[in-house]
Every structure is written in C-alpha cells, then in structure tokens.
Amino acid sequence: MSKRAVENVEDCSTKQAAKRNKHWSLGLVESMKDPEVIYKETKSIVVIKDKYPKAMIHYLILPHEEISSIYKLNKTHLNLLNEFGSMFNLIKEEHDSELRAGFHAVPSMQRLHMHVISTDMNSPSLKTKVHWNSFTTSFFISYEELIKKLTEDGYIQKISNDTHKILMSLPLKCNQCSFEPKNMPQLKQHLLSHIK
DNA sequence: GTTCTAGAAC
DNA sequence: GTTCTAGAAC
C-alpha cells in the first residue's frame, strides 16, 4: 500500500469514521456479508461475484478468517489454501469456459482473495492498462505458483515498487495470441475476435 | 478498488 | 477537435 493510501486508511479512524464511512479497501469484507453477491459458502471460505468483473466469469474466493493479504500467509495456511483449490475445481466443473485462479502480487483490497476468472477478458469493467497487466503479466500469481512458493519458502516475498511499476507499464499484449494492440479500445475490440 | 478529468496523444 | 491515458481524491 502506498504512503498516501496508508494515510487515507489512518484518516478513516478519525474524520471518515465519524461519518460512519468505511474505507474503500474494506469493500470485500463488506461484500462477504451480502447474500446478493455470495455464490458459494463453506465453514471456512466464501465465494463472491466480483463487483467489477474483468471477464465474463469473475469470482473471488476469500477466507472467513481475518487474513489481510498473501503476505500474511505461512505454511499453517496450506490446509486453508487447499480448500481454495477444491473450490476452484468445483467452480470449474460448473462452467464451460476456461478458468484461471490466482492472486495479485500487490492487492488493493483487504482480505486475502483469490481471483477465479475466465480467459475471455471481455467485460465493460475492464478499462485500463493496469487492469489488463494485473491479470496477464507475472503480477498475477497463479494458485499453483503461490502454493509452490509458500511450500518452499514458508512465506510470500513482496515485489519491489520498481518491479510493480515495470509490470504495470509493460506494453499491451493479447492473452490469447501474439497481437500487440496500441491502446485499450483496440485491445477490447480485438478480444471479441477470440470469442466463439 | 473506482471516479473524474486535465492534458497528452492522435 | 476528439480520443485516450494517468494521477488525485482531504
């Protein structure tokens, strides 16, 4: 989280808390309680529909347990993460589309959450280069990759600010072919050609 | 995370 | 002149 964002979170405990507003970064924790957006729920995890889906199918899997991000994970969480994997398999069984599961290297929202997203990337809420690169570059840490890192290292290493900037600045490239669009509108138009 | 919009890019 | 991107939001 940026210095500015930290200041804003702190600000919530004062001015904004007085107005009973919650900081935007707590949005997922709020959504988890909303029956309208809950897709599935077990004793330990919840699956919700992403409020601003970046593909035709886009869910989030979150634990009830208060884990703020992937950077709080250790080997004791492997059982919980195994449930994430089982849930991902279950969701895949219920859909015809190709689905990917993974985590953002620098999450914006609090509460550990795993994206389950279809590869079409066809959605009105997909608007910016940051959106695109956060799902199609190594900024997206696949489920398998996260399990591997956690098993081997016992924790998830943070990426540097420089690496973050570089990944978000990478030129646009189609996730399904070698096409390199010159801007977002061109990419979005191109993605339609991959839809059956 | 989104919204809004100034000004860069075209 | 219009399209598009990128940074502030108290």
Side-chain angles (χ1 to χ4, degrees), chain A residues 1-34 36-39 45-63 66-73 84 100-118 121-141 146 156 158-175 179-192:
Chain A
M1 195 181 288
S2 69
K3 189 180 175 185
R4 181 80 215 182
V6 169
E7 285 168 359
N8 283 341
V9 170
E10 287 166 352
D11 195 45
C12 270
S13 62
T14 54
K15 295 175 207 164
Q16 292 189 36
K19 287 187 289 182
R20 274 188 294 236
N21 285 332
K22 306 214 169 169
H23 191 263
W24 57 261
S25 69
L26 291 167
L28 296 182
V29 179
E30 289 303 301
S31 293
M32 285 174 71
K33 306 172 195 163
D34 182 0
E36 286 290 307
V37 302
I38 294 177
Y39 175 55
I45 62 180
V46 184
V47 185
I48 63 175
K49 292 177 283 189
D50 193 294
K51 191 174 179 180
Y52 299 93
K54 305 303 187 293
M56 288 177 171
I57 300 164
H58 189 181
Y59 297 110
L60 300 175
I61 303 179
L62 315 92
E66 194 175 331
I67 302 168
S68 61
S69 79
I70 53 173
Y71 299 109
K72 295 293 165 66
L73 293 173
F84 277 41
R100 298 188 301 142
F103 304 79
H104 284 159
V106 183
S108 297
M109 308 293 278
Q110 294 185 49
R111 186 58 56 97
L112 175 70
H113 56 282
M114 181 169 83
H115 295 270
V116 173
I117 187 166
S118 54
M121 302 300 281
N122 177 45
S123 171
S125 296
L126 178 72
K127 296 175 178 177
T128 70
K129 187 178 201 174
V130 167
H131 289 156
W132 183 256
N133 284 349
S134 66
F135 284 99
T136 61
T137 69
S138 61
F139 188 84
F140 189 82
I141 304 169
L146 184 107
I156 303 300
K158 289 192 179 183
I159 65 169
S160 69
N161 287 340
D162 283 352
T163 302
H164 186 183
K165 278 182 194 167
I166 289 166
L167 291 175
M168 291 303 104
S169 308
L170 288 175
L172 298 172
K173 184 180 178 310
C174 178
N175 63 330
F179 182 59
E180 296 186 0
K182 69 170 189 284
N183 56 34
M184 284 303 293
Q186 193 175 105
L187 170 60
K188 290 178 70 66
Q189 179 63 37
H190 168 79
L191 289 169
L192 297 176

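Computed from a predicted model, the values in this text were never measured in an experiment. Note on naming: letters A, B, ... go to the chains in the order of the sequence lines (proteins, then strands), and numbering restarts at 1 for each one.
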Touch class at under 4.0 angstrom, heavy-atom based, for A:Lys51 against every strand present: nothing

Minimum-distance nucleotide (side-chain atoms of A:Pro185 versus B:dG1, C:dC4, B:dT3): C:dC4

Cation-pi check, A:Lys173 onto A:Phe179 ring (under 6.0 Å, within 45° of axis): no

Sugar-phosphate, base or nothing in reach of A:His113, heavy atoms under 4.0 Å: nothing

Separation of atom CD in A:Gln186 from atom C1' in B:dA9, rounded to whole Å: 14 Å

Between C1' of C:dA9 and CH2 of A:Trp24, the distance in whole Å: 11 Å

Euclidean distance, atom NZ of residue A:Lys127 to atom C1' of C:dA6 [Å, nearest integer]: 15 Å

Whole angstrom value for the distance that separates C1' of B:dG1 from CE of A:Met32: 17 Å

Phosphate OP1/OP2 of C:dC4 contacted by A:Lys188 side-chain N/O (<4.0 Å): no

Rounded interatomic separation in angstrom, taking CE from A:Met184 and C1' from B:dT2: 15 Å

A:Tyr39 and A:Tyr59 aromatic ring geometry - parallel, tilted or perpendicular at 30°/60° bounds: parallel

Phosphate OP1/OP2 of B:dG1 contacted by A:His23 side-chain N/O (<4.0 Å): no

Exercise: do A:Gln110 and A:Ser68 side chains pair donor with acceptor under 3.5 Å: no

Under-4.0 Å side-chain N/O to phosphate OP1/OP2 contact, A:Lys182 with C:dC4: no

Pair partner, B:dA9 [Watson-Crick or wobble, under 3.5 Å]: C:dT2

Output field: ring centroids A:Phe103/A:His115 closer than 6.0 Å: no

Whole angstrom value for the distance that separates C1' of B:dG1 from CD of A:Glu30: 14 Å

Pair A:His164 and A:Phe139, ring centroids less than 6.0 Å apart: yes

Among B:dG1, C:dC4, B:dT2, the one nearest A:Asn183 by side-chain distance: C:dC4

